[in-house]
Every structure is written in C-alpha cells, then in structure tokens.
Engineer: 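Here you go, one structure.
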There are 2 protein chains.
Amino acid sequence: MSTAAALTVYGMSSSGNCHKVRLLLEQLGSRYQWKEVDSAGGDTRTAEFLALNPNGKVPVVQRNDGRVLAESNAILFWLAEGTPFLPTDGWQRAQALSWMFFEQYSHEPYIAVARFISGWTPDDSPRRADLPRLRARGHEALAVMAHHLADHRWFTGGDYGIADIALFAYTAVAEDGGISLSSYPAVERWLEDVRRQPGFVAMPVPDAEVQARFAASR
Amino acid sequence: MSTAAALTVYGMSSSGNCHKVRLLLEQLGSRYQWKEVDSAGGDTRTAEFLALNPNGKVPVVQRNDGRVLAESNAILFWLAEGTPFLPTDGWQRAQALSWMFFEQYSHEPYIAVARFISGWTPDDSPRRADLPRLRARGHEALAVMAHHLADHRWFTGGDYGIADIALFAYTAVAEDGGISLSSYPAVERWLEDVRRQPGFVAMPVPDAEVQARFAASR
C-alpha cells in the first residue's frame, strides 16, 4: 500500500527558484509530488493557478490539507526548520535570511532575468537591449558574494544550508545569461563544494533550442 | 549615568526600507541609536560604509560588539523573534516570510522605485520613462494585497506583525510615486489599522522640493 506524498510542489524544472525547493527536498530525503507548471508558456496565469497563488508565480507548495505557501525562500525556510540546513541561533538565522533577501533583490532580478531573456525570448526581442545592464548588475552581486567567500566556506555559519541553496540556484547557471564566473575563483570553489553535498541534484539541462539561444547571446 | 544603546541603525529616514526598522524598534520600546546615511547622495558607496555592508545599501544594524546585519526584512525578523510581532508557529512564520519576500520582489521594486524616481530625480531624467511600467506593476502588487485583505485583517495569522510592517512602509506612500490607492478600499482600511497600533510612528515627510516633484509627476 503506497502512502500519498505529504507535499505537492508546483514548479517549472528549468527555473532556479523552483529548483531550490527540489534540491532541499532531495537533500532532506522527503517524499513529494512535483507538478510541472510551464510558467514561460502562461500556465501561472490561469484561473486555476491564480486560485493557488494570486501572485501568479512558481514555486508554490501545497500540503495535503490544501494549505499553500509561495515564495521559494520562504518555502526553504519552512522546510529547513529543525534540520541541519537552518541554524538554531537567532542571529545566524537572520544572517541566512539576509543572504536570501539579497538573493531575491540584488541577484535574481539580474542573473536569473539575463538567463531568461537569453534563453527564452526570440532573437529580436526588445528585452535583449536590457542584457548589458542586467549583466553589469549581476557582476556586482557576484562581487559581493566573492567578498564574503574569500574568508568563509559557506554563506551562514560553519555549515552548508538554505542560504547556500538559495544563492546556488542561479549562480550555477549565470553563464547561460552571458555572465562569466571566471573572475570569481572563490565563487567557483563554493559552487563545487555545494555540488559535493550529499543528495545534491543538478537543475535539468534545458532543451537544445534554449541551449542554442544561450550560446548565441554570449 | 546613561547606558549606550545596544543597537545602532544606519538608515535614511525618507526610505521605507529604513523606516520599517525604526517602526518596529519604536513599537518594541527598544533603545537604539539612529545614524542618518544619505543613500541618495552617495553615502552608501564610501569605503567606510562598504566595509559595513559590501552591498552598499541601508538599512544596516550594528550591535555593540561590531556584528552587522543587512536587509530590512531580515532585520525585522531578527528583532521580532520572541515578541508578539512574529508568530511562534513554523507555518505562520513561513507565511510572514512569504509576504516579506513578495514585498521585496513584487512590490518594492515597483512602488518604491516609482516614488524614488518621482521625488529624487530631475524632471528630465531618462528614468522617468520607466514610470508607466513601474506604476502598472505596482498596481498588480496592490491587487494581490487587496485580494488577501478582502478576508483577512492582517497579513499573517490573527495579529499585526512584521509582514504588516514590511508591506506598510511603501504602500503608505505609494501615492508619492503616482500610484493611487483609491481602487483598493481594503488596503486603505488596513493602512488605517496599522496607523492605530500602539507606538506607531509615521515616516518623516520629505522636504518641500521633493514634495513638489511628487506633485508634478502625478
């Protein structure tokens, strides 16, 4: 007799924000059901999806009793409570949150958006005119990360945790958006350290058409 | 004999992100020292400030022992631990964080930035061309808030708390950026409820020159 998974994740596999949730669930060894939502194709703007998350974004998690939680980093925080992925000390927890807010405000809007425009918009999209500015701001975020990683192994305290997962997601694929990591050896060292953690799973590689667009926009 | 305040806040008084921290500290009755930083005038790009926060943003709080914490909503979370402003239940805490990540990703970049451009850039700034887009996205965020407030008094659980403080800061001054609240009676009701909370302090009114620019850009 099989037991239903306790948690349903609505996510798009090629989205770093969604991959954060998958990575932590895999590393926790949790059972979950993944429902693929094609955000780029409009599936987050349907009435059915908006009833789940009125803000029209993935990822969203839903519990068996129907309750939902949106926002990737809030989901990470909830899942990590009481596990080694989130410190118990209040100051350290706040430092983890500080990096996660940095990720959503100063990192993702540049590094993730440069990747999205590079891979998922047509060659003649007017949004491509934003790429130089997005890449420059992405490099500013990487410099802040490199400054921290120059004398810290992880982003919070002595252990790998949810701040690392949040920052890993789009940093690992920054080059898809034409943002080279070659000037940040400390960041490259940290990415390798994340990849060596037990239970690590990589984000799926997008299809050939998207990969060809990444290559052409670099 | 006076005791030194336990906490120093580096902030710009006209910034909603900074005002969040002041509002919670006032409502907690905490002692703190406020150091005014003119972010719009470049004070967050000095070597001295970057040593405090390499990301060059206010607010930042510093403890007596020198340790620092950046990111307004991470500061709120840290200050609110163990107080009535943050629920103890893990799911409710995650809901508070969900709204706070919504605020930084889907609200502040439109509503706060429209206000900044309206009030602090010259009349002929090329950034003013962004205002229609920023205002449209700001209205999308307000619609998400109004949807929630249609059947909830506060943003998390049964009580006023840090999600309300985070969302109040720039919603209360959305009209400065030309984003009218008149279509959102539930939002206006909630703003009034926040203003009636014990210890509430309003954000200081900007100087006459800034106010004249707000009026001219509407």
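Proteins get letters first, then strands, A, B, ... in listed order; numbering begins at 1 in each. None of these values were measured; they are calculated from a predicted model.
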Engineer: To check you understand the geometry: which heavy-atom pair defines the closest contact between A:A94 and B:W78, and what is its length?
Structural biologist: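 Heavy-atom minimum between the residues: CB-CB, 3.6 Å.
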
Engineer: At what distance, to the nearest 0.5 angstrom, does CZ of A:F77 lie from CZ of B:R93?
Structural biologist: 6.0 Å

Engineer: Using a 4.5 angstrom heavy-atom cutoff, name the option from B:V144, B:L76, B:I75, B:N55 with the most pairs to chain A.
Structural biologist: B:N55

Engineer: Less than 4.5 Å to any heavy atom of chain B: does that hold for the side chain of A:W91, its backbone, both, or neither?
Structural biologist: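 Both backbone and side chain of A:W91 come within 4.5 Å of chain B.
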
Engineer: For the CZ atom of A:F101 and the CD atom of B:E103, what is their distance to the nearest 0.5 Å?
Structural biologist: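 Answer rounded to 0.5 Å: 8.0 Å.
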
Engineer: Tell me if the CD atom of B:E48 is crowded by more than 12 foreign heavy atoms within 6.0 Å.
Structural biologist: no

Engineer: Counting only heavy atoms closer than 4.5 Å, note whether A:E108 contacts chain B via side chain, backbone, both or neither.
Structural biologist: side chain

Engineer: Just give me the residue among A:P109, A:G56, A:A74, A:S72 that pairs up with chain B most often, heavy atom to heavy atom, under 4.5 Å.
Structural biologist: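 Among the listed options, the one with the most contacts to chain B is A:A74.
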
Engineer: So, B:Y105 and A:E71: side-chain donor and acceptor under 3.5 Å apart, yes or no?
Structural biologist: no

Engineer: Pick one: which of A:L69, A:V60, A:V68 meets side chain to side chain contact (heavy atoms under 4.5 Å, CB included) with B:S98?
Structural biologist: A:L69

Engineer: When heavy-atom pairs shorter than 4.5 Å are enumerated against chain A, which of B:E140, B:H147, B:R67, B:E81 gives the highest number?
Structural biologist: B:R67

